[in-house]
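When reading the values below, keep in mind they use all heavy atoms of this one structure, side chains included, and skip hydrogens, waters and symmetry mates.
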Amino acid sequence: QVQLVESGGGLVQTGGSLRLSCAASGSIFSINAMYWYRQAPGKQRELVADITSVGSTNYADSVKGRFTISRDNAKNTVYLQMNSLKPDDTAVYYCSVTRREADGDFMRYWGKGTLVTVSS
């Protein structure tokens, strides 16, 4: 099992910055990709950014140029640096990882989320 705990959310004004962290614990030795998702009120959950075990990154078009995903493998932690925040960024942000199982399949794990509120 993998446990994920997000932190760093809060209230920020438009144009401000926050850095989210997600610390993984448990059976973490086979984790490969790490992800940030978000879910705004009344909206579907969407992928914000992801990063592979060797640092290759991808971003949603809506956050490209403003958000940066990174990871510290020694700390088993993934970060999301969020700059130039907008009210549309208001959402619960979820950390997720994939882990290779003994049979070779990959299993998805989720954190409980951290709330980011951007005031106008």
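In this structure the side chain of R71 reaches within 4.5 angstrom of the side chain of N73, judged on heavy atoms. The shortest side-chain heavy-atom distance between V78 and V97 does not fall under the 4.5 Å cut-off. Between L18 and V116, some side-chain heavy-atom pair lies under the 4.5 Å cut-off.
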For a side chain to side chain contact (heavy atoms under 4.5 Å, CB included) check, start with the C-alpha distance between I31 and N76, then their side-chain angles and the critical distance, and finish with the verdict. CA-CA 9 Å; I31 290 174; N76 301 306; over 6 Å; no

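Connectivity analysis of hydrophobic side chains (ILVMFWY, heavy atoms under 4.5 Å, direct or indirect) links V5 to nothing; its cluster partners are none.
Within a 6.0 Å radius of CZ in R108, other residues, nucleotides and ligands contribute more than 12 heavy atoms.
With sequence neighbours excluded, the residues satisfying salt bridge (Lys or Arg N to Asp or Glu O under 4.0 Å) with D61 are K64.
Among residue pairs with one or both ends in residues 21-36, those qualifying as side-chain hydrogen bond (donor to acceptor under 3.5 Å, both in side chains) are S30-R99, N32-T98; sequence neighbours excluded. Applying the ring-ring contact (aromatic ring centres under 6.0 Å, His included) test to residues at least two apart or on different chains, the pairs with a partner in residues 75-120 are Y37-W110. Among residue pairs with one or both ends in residues 40-55, those qualifying as side-chain hydrogen bond (donor to acceptor under 3.5 Å, both in side chains) are R38-E46, D50-N58; sequence neighbours excluded.
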Let me have the donor-acceptor pairs involving side chains of residues 6-15, under 3.5 Å, with sequence neighbours excluded, atom names and distances please.
{"unit_1": "E6", "atom_1": "OE1", "unit_2": "K112", "atom_2": "N", "d": "3.2"}
{"unit_1": "E6", "atom_1": "OE1", "unit_2": "G113", "atom_2": "N", "d": "2.9"}
{"unit_1": "E6", "atom_1": "OE2", "unit_2": "C95", "atom_2": "N", "d": "2.8"}
{"unit_1": "E6", "atom_1": "OE2", "unit_2": "G113", "atom_2": "N", "d": "3.1"}
{"unit_1": "T14", "atom_1": "OG1", "unit_2": "S119", "atom_2": "O", "d": "2.7"}

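Contact between T77 and M34 at its shortest, heavy atoms only, is C-CE, 4.3 Å.
A distance-only check finds no donor-acceptor pair linking the side chain of T57 to the backbone of I51 [under 3.5 Å].
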